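Keep in mind the model is a prediction, meaning the values are calculated, not measured. Keep in mind that the numbers below use all heavy atoms, side chains included, and drop hydrogens, waters and symmetry copies. Quick note on labels: first sequence line is chain A, next is B, and so on, each numbered from 1.
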Amino acid sequence: MNVTAHSAAPVDSAALESAAAETAPASPDLSRSISLWFGENARDLPWRRDGFSAWGTLVSEFMLQQTPVNRVIPRLSEWLERWPTPKDLASVPPGEAVRAWASLGYPRRALWLHAAAGQITERHGGIVPEDVDDLLALTGIGDYTARAVAAFAYGHRHPVVDTNTRRVIARAVTGQAEPAPPSRGRDLEAMSALLPAEPAAAAVFNAAIMELGAIVCTSRSPRCAVCPIQDACAWRAAGYPAYDGPKKAVQKKFEGSDRQVRGLIMAELRATHHPVTDAEIEGLWPDAVQRSRALAGLLADGLAVTTEPGMYALSQG
DNA sequence: AAAGCGTGGCC
DNA sequence: TGGCCAAGCTT
């Protein structure tokens, strides 16, 4: 299967990865320094424990899509205790997954994870696939998550590029304060150029550069004084120039937004174990137009269902 | 392909 | 205070 079928980007990343596999990383010192630092400074996180399952890795990656580590950890352990395999999750109604998602945010991810569990059960005998294209074919899994699971759960050699990785490469390699807007092909190529040849070392490096971006080379206030690659950093060498690339899209204000209204309705649906009435929903938000727009959106997304006229609940099945 | 999608912590 | 940010994905 052609990986580019999943994207308009004219890059054959499979060929890219196999070509890179035959060569040493472009900056072996940089890669080695980051991995060595990781060996000494990696946080003790659940998904880094020995014996953590591929399913656990997949669940953690879903939860970590846009939600900070510290908020994920307690939900993840509850989740895996309750649903230790994909089949266990697939056997309950999607609304149960949405309820257990609690306040992690972006509850569509819970729906997608539930759908992916069903697909894994049906297509892959209940075993999380290890092939990137098989992973990409699952609902809610994109370029980052597919490669993260293949690399971290199965030890395969793939470039794993997340927002932390992009930032570290932008600074250390490119010499810019912030990365340009994400570009699938360019990002995979840049990471491939740094990736160690050995699969195990590559998996470590993927985690290591993410970790460096998460706790040292941070977005707001990078701790350059304790950075293990400060002497090799192109941004430092250039005198820490300010970012001058294209402006990033501003995140819209949450207060008063449709997203806030959706969140209030979802919180109500999660909190009650019986259908919620129109009257109860009215009490959540004063603006009727915005309220009905939010509710219609939740119904369209499958996050809520109508149990009978004027009554709503989480999806039952 | 730009926009939409939650929630909470931080400075 | 309020804007910014957080292991992205889908349409």
Side-chain angles (χ1 to χ4, degrees), chain A residues 6-9 38 42-43 45-48 56-76 98 101-113 115-116 135-153 158-168 178-179 181-184 187 191 203 206-215 217-222 243 246-270 290 293-294 296-298 300-304:
Chain A
H6 299 283
S7 165
F38 182 67
R43 291 169 291 177
L45 299 172
W47 44 91
R48 292 178 181 163
T57 299
L58 189 152
V59 173
S60 74
E61 294 298 349
F62 264 85
M63 291 184 170
L64 288 164
Q65 292 169 3
Q66 300 285 278
T67 299
V69 165
N70 290 338
R71 242 190 301 159
V72 162
I73 290 173
R75 294 293 83 73
L76 177 65
V98 172
W101 198 257
S103 59
L104 285 177
Y106 292 146
R108 290 193 284 201
R109 290 180 293 162
L111 233 37
W112 291 340
L113 178 52
L135 287 159
L136 282 169
L138 301 175
T139 303
I141 292 192
D143 284 316
Y144 165 74
T145 304
R147 288 176 175 76
V149 171
F152 300 145
H158 296 285
V160 180
V161 180
D162 80 329
T163 186
N164 293 304
T165 303
R166 273 192 293 271
R167 187 174 51 252
V168 173
E178 296 173 38
S183 159
R184 181 180 177 283
D187 294 343
M191 185 59 179
N206 276 315
I209 192 169
M210 287 171 62
E211 185 80 343
L212 186 67
I215 68 183
C217 193
T218 58
S219 180
R220 211 83 59 96
S221 43
Y243 178 68
K247 257 192 110 167
K248 287 186 288 191
V250 246
Q251 191 170 348
K252 281 211 204 153
K253 188 159 82 173
F254 179 70
E255 196 66 28
S257 67
D258 283 9
R259 287 159 79 159
Q260 183 179 21
V261 185
R262 286 169 59 105
L264 289 169
I265 296 173
M266 287 304 296
E268 185 69 22
L269 295 178
R270 286 196 307 267
Q290 204 175 8
R293 190 167 59 219
L298 293 173
D301 290 343
L303 284 165

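Checking the phosphate oxygens (OP1, OP2) of C:dG8, a side-chain nitrogen or oxygen of A:Gln66 falls inside 4.0 Å. At C:dA6, one or more side-chain N or O atoms of A:Arg167 fall inside 4.0 Å of OP1 or OP2 (strictly under the cut-off). Put simply, A:Thr145 has a side-chain N or O that comes within less than 4.0 Å of OP1 or OP2 on C:dC9.
Distance CZ (A:Phe38) to C1' (C:dA7): 12 Å, rounded to an integer number of Å. Between the P atom of C:dA6 and the OH atom of A:Tyr106 lies a distance of 12 Å, rounded to the nearest Å. To the nearest angstrom, P of B:dG6 lies 16 Å from CG of A:Leu113. If you take CG of A:Asp143 and P of C:dC9, they are 7 Å apart, rounded to a whole angstrom. Rounding to whole angstrom units, CG of residue A:Leu303 and P of B:dC5 are separated by 11 Å. Here C:dA6 presents its P atom at 10 Å from CG of A:Asp162, a figure rounded to the nearest Å. Counting to the nearest Å, the C1' atom of C:dA6 and the OH atom of A:Tyr144 are 12 Å from each other. At whole-Å resolution of the value, CG in A:Leu138 and C1' in C:dT10 are 15 Å apart.
Checked by distance alone, A:Arg220 brings a side-chain donor or acceptor within 3.5 Å of a matching partner on the base of C:dC4. Side-chain atoms of A:Ser103 and base atoms of B:dG6 include no donor and acceptor less than 3.5 Å apart.
Map A:Lys248 and A:Arg109 each onto its nearest nucleotide of DNA chain C; the residue landing nearer the 5' end is A:Lys248. Of the residues near DNA chain B, A:Pro107 and A:Ser221, the one whose nearest nucleotide (by heavy atom distance) lies more toward the 5' end is A:Pro107.
Across the P atoms, C:dA7 and B:dA3 are found 23 Å apart, a figure rounded to whole Å. For C:dC9 and B:dG8, the P atoms lie 23 Å apart once the distance is rounded to whole Å.
Residue contacts for A:Trp101: at a heavy-atom cut-off of 4.0 Å it reaches no nucleic acid atom on any strand shown. Residue A:Leu104 is in base contact, counting any heavy-atom pair closer than 4.0 Å across all strands shown. Nucleic acid contact class of A:Pro182 (heavy atoms, under 4.0 Å, all strands): none. Contacts of A:Leu45 with the nucleic acid, taken as non-hydrogen atoms under 4.0 Å apart, include base atoms. As judged by a 4.0 angstrom heavy-atom cut-off over every strand, A:Thr163 is placed among residues touching the sugar-phosphate backbone only. A:Ser219 comes within 4.0 angstrom of the backbone, heavy atoms only, and of no base. In this structure, A:Arg270 reaches the sugar-phosphate backbone alone: every heavy-atom distance under 4.0 Å involves primed, P, OP1 or OP2 atoms, never a base.
Nearest heavy atom pair, residue A:Ala203 against residue A:Phe152, reads O-CE2, 3.5 Å. The two atoms that bring A:Leu58 and A:Val149 nearest to each other are CA-CG2, 4.0 Å, heavy atoms only. The shortest non-hydrogen separation linking A:Trp47 to A:Ser60 is CE3-CB, 3.9 Å. Nearest heavy-atom pair across A:Pro182 and A:Asp187 is CA-OD2, 3.6 Å.
A:Arg75 and A:Thr67 share no donor-acceptor pair across their side chains, judged by distance under 3.5 Å alone. With 3.5 Å as the limit, one finds no donor-acceptor pair spanning the side chains of A:Gln65 and A:Tyr144.
For the pair A:Asp258 and A:Arg262, the salt-bridge criterion is not met [side-chain N within less than 4.0 Å of a carboxylate O].
Each of A:Leu104, A:Val69, A:Ile73 was evaluated against A:Met63; a single residue qualifies, A:Leu104, per the side-chain contact (heavy atoms from CB on, under 4.5 Å) test.
Comparing B:dG4, C:dA6, C:dA7 by their nearest atom to the side chain of A:Arg108 picks out B:dG4. Closest to the side chain of A:Lys252, from the set B:dT7, B:dG4, C:dA7, is B:dG4.
In this structure the side chain of A:Ile141 never reaches within 4.5 angstrom of the side chain of A:Glu61, judged on heavy atoms.
Of the residues in residues 253-269 of chain A, not one places a heavy atom less than 4.0 Å from an atom of DNA chain C.
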